[in-house]
There are 2 protein chains.
Amino acid sequence: MSLRHAALGLLTFGPASGYDLLQTFHGSLANVWPATQSQLYGELGKLAEAGLVTVTEEGARRRKEYTLTADGLAELKHWLVDVEPSMPRRSDMLLRVFFLNVIDLAQAEEYLRGREAEAIEYHASLRATQEQIAPETMDLAVYGRIALEWGLRLTEMQREWAVWAQEELAKVKKA
Amino acid sequence: MSLRHAALGLLTFGPASGYDLLQTFHGSLANVWPATQSQLYGELGKLAEAGLVTVTEEGARRRKEYTLTADGLAELKHWLVDVEPSMPRRSDMLLRVFFLNVIDLAQAEEYLRGREAEAIEYHASLRATQEQIAPETMDLAVYGRIALEWGLRLTEMQREWAVWAQEELAKVKKA
DNA sequence: GTTTCCATGTAATCTGTTACATGATTCT
DNA sequence: AGAATCATGTAACAGATTACATGGAAAC
């Protein structure tokens, strides 16, 4: 049920069309809550039906501009304050780790090297994003920076973990 | 498509019934790839149809014992070695961070304190699991330990991040 | 004998992805 | 004139959750 809240949240920055919101979902929000066009248009329809947003302008090319209603804002605040966030559980990356004994040690090490490389790469891409946005907006986007920092720390953690895990495997190899 | 591989992976430890596997999905695998009864029984049916597992014994109470086939093992290895794992993107916990400007600073700080507490609690529960299993199996379960370590590091990272984020907000408050 | 555990299955619903379909406007 | 971009929508399907339904076997 979070896509609806993501949409409501984006509309707090001002009225926007489905198409506008989609750019954000494919941009800054892609790392946190990706959404497809299909899904977003459907959700905006439901949101309008529920009275959490309203169509405030119909422009060229059938463009509909949605605006957050008081009910919508209330729902968003409720979600922010009262609904317990859930830790994301599913990770096919970790699931594979459980079954690495099925393949041989060399392949398992290769897998972990891959996770290390992946972490480094993703970390670098987040760092690049950070350097693009940081200078312009000093504390307007505090919360954006805080979210980004989570990603930087996650990827750094994964890199360190992958290195550590490779060392653990090296120990097993010796014994 | 990972539930099927989780099931295949568990069957490498030996034949088991849907019910048996379900215990594992609700136990050690719950943190990595939870699955419901409904879904698992359905998947086992499909897996049998596809020839990746076979029913090797029908016991009391309609119990069916599934065994991994050579095709099943091959598919599992293929998934382990050739299919790129995906980083889990969606996090409603981080999505909320993007919209914390909607609520006031005190509430935002409260949110971050909550994340800190959550991380501490989850970390402790993982630590407890670690201490339960570690003594028995020294290196039989290397990969289990490696997966668990990821969780320990993740939760520690989140705790530190939450503390840091609260400090960032304190700076904003002053200014 | 009744509660608990073993054991499997179906149906309804929700969320999300991919693909298909359409058309207006702007830019070159 | 043709390409790129703006803009919205539908359909089919896959994956996951919740609830419903059933019944055998063991334990107390």
Side-chain angles (χ1 to χ4, degrees), chain A residues 1-8 10-11 15-27 29-50 53-66 79 83-84 86-92 95, chain B residues 1-8 10-11 15-27 29-50 53-66 79 83 85-92 95:
Chain A
M1 281 278 289
S2 283
L3 173 65
R4 79 184 301 123
H5 298 108
L8 292 173
L10 289 182
L11 288 176
S17 69
Y19 192 86
D20 293 338
L21 295 183
L22 199 60
Q23 312 312 311
T24 314
F25 274 104
H26 290 158
L29 240 54
N31 300 302
V32 164
W33 205 270
T36 57
Q37 175 255 55
S38 232
Q39 209 190 347
L40 182 57
Y41 283 115
E43 194 61 47
L44 283 170
K46 285 179 211 161
L47 243 23
E49 218 180 322
V53 302
T54 42
V55 178
T56 43
E57 197 192 308
E58 302 211 29
R61 291 178 230 130
R62 298 162 68 206
R63 183 177 201 275
K64 288 186 210 166
E65 202 167 64
Y66 292 94
W79 174 75
V83 183
E84 271 297 291
S86 55
M87 278 255 194
R89 298 199 134 60
R90 284 200 176 80
S91 163
D92 63 290
L95 182 60
Chain B
M1 279 280 287
S2 283
L3 173 64
R4 79 183 303 120
H5 298 109
L8 292 173
L10 290 181
L11 288 175
S17 68
Y19 191 86
D20 293 337
L21 296 182
L22 199 60
Q23 312 311 311
T24 314
F25 275 105
H26 289 157
L29 239 55
N31 301 302
V32 165
W33 205 272
T36 57
Q37 177 255 57
S38 231
Q39 209 189 346
L40 181 57
Y41 283 116
E43 194 61 47
L44 283 170
K46 285 179 212 163
L47 243 20
E49 217 180 323
V53 302
T54 41
V55 178
T56 42
E57 197 193 309
E58 303 210 28
R61 290 178 230 128
R62 300 163 66 206
R63 184 178 201 273
K64 286 187 210 165
E65 203 166 64
Y66 292 95
W79 174 74
V83 183
S86 56
M87 279 255 193
R89 297 199 136 60
R90 285 199 176 80
S91 164
D92 63 290
L95 182 61

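Quick caveat: nothing in here was measured; it's all calculated off a predicted structure. Residue numbers start from 1 in every chain, and the chains themselves are labelled A, B, ... in the order their sequence lines are given, proteins ahead of strands.
Side-chain N or O atoms of Ser17(A) include one that pairs as donor or acceptor with a backbone N or O of Asp20(A) at under 3.5 Å. At least one donor-acceptor pair closer than 3.5 Å links the side chain of His26(B) to the backbone N or O of Ala35(B).
Rounded to an integer number of Å, the gap from CG of Leu22(A) to C1' of dT17(C) is 14 Å. The interatomic distance linking Met1(A) (CE) with dT13(C) (P) rounds to 16 Å, in whole Å. Separating the CZ atom of Arg90(B) from the P atom of dG15(D) is a distance of 15 Å, rounded to the nearest angstrom. One atom, NE2 of His5(B), and another, C1' of dA16(D), lie 17 Å apart when rounded to the nearest Å.
Mapped onto DNA chain C by nearest heavy atom, Arg63(B) and Leu3(A) fall at different nucleotides, with Arg63(B) at the one closer to the 5' end.
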Across nucleotides 22-28 of chain C, 5' to 3', mark each nucleotide with B, S or - according to how protein heavy atoms within less than 4.0 Å reach it. --BSS--
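The base of dG15(D) does not come close enough to the side chain of Gln39(B) for any donor and acceptor atom to sit less than 3.5 Å apart. No hydrogens or angles were tested; on distance alone, nothing pairs the side chain of Ser17(B) with the base of dT8(C) as donor and acceptor under 3.5 Å.
Inter-residue side-chain proximity for Leu10(A) and Leu29(A) is flagged as met; some heavy-atom pair is nearer than 4.5 Å.
Remark: Tyr41(B) is not in phosphate contact with dG9(C), judged by side-chain N or O atoms under 4.0 Å from OP1 or OP2.
Residues Asp92(B) and Ser86(A) come closest through the heavy atom pair OD1-OG, 2.8 Å.
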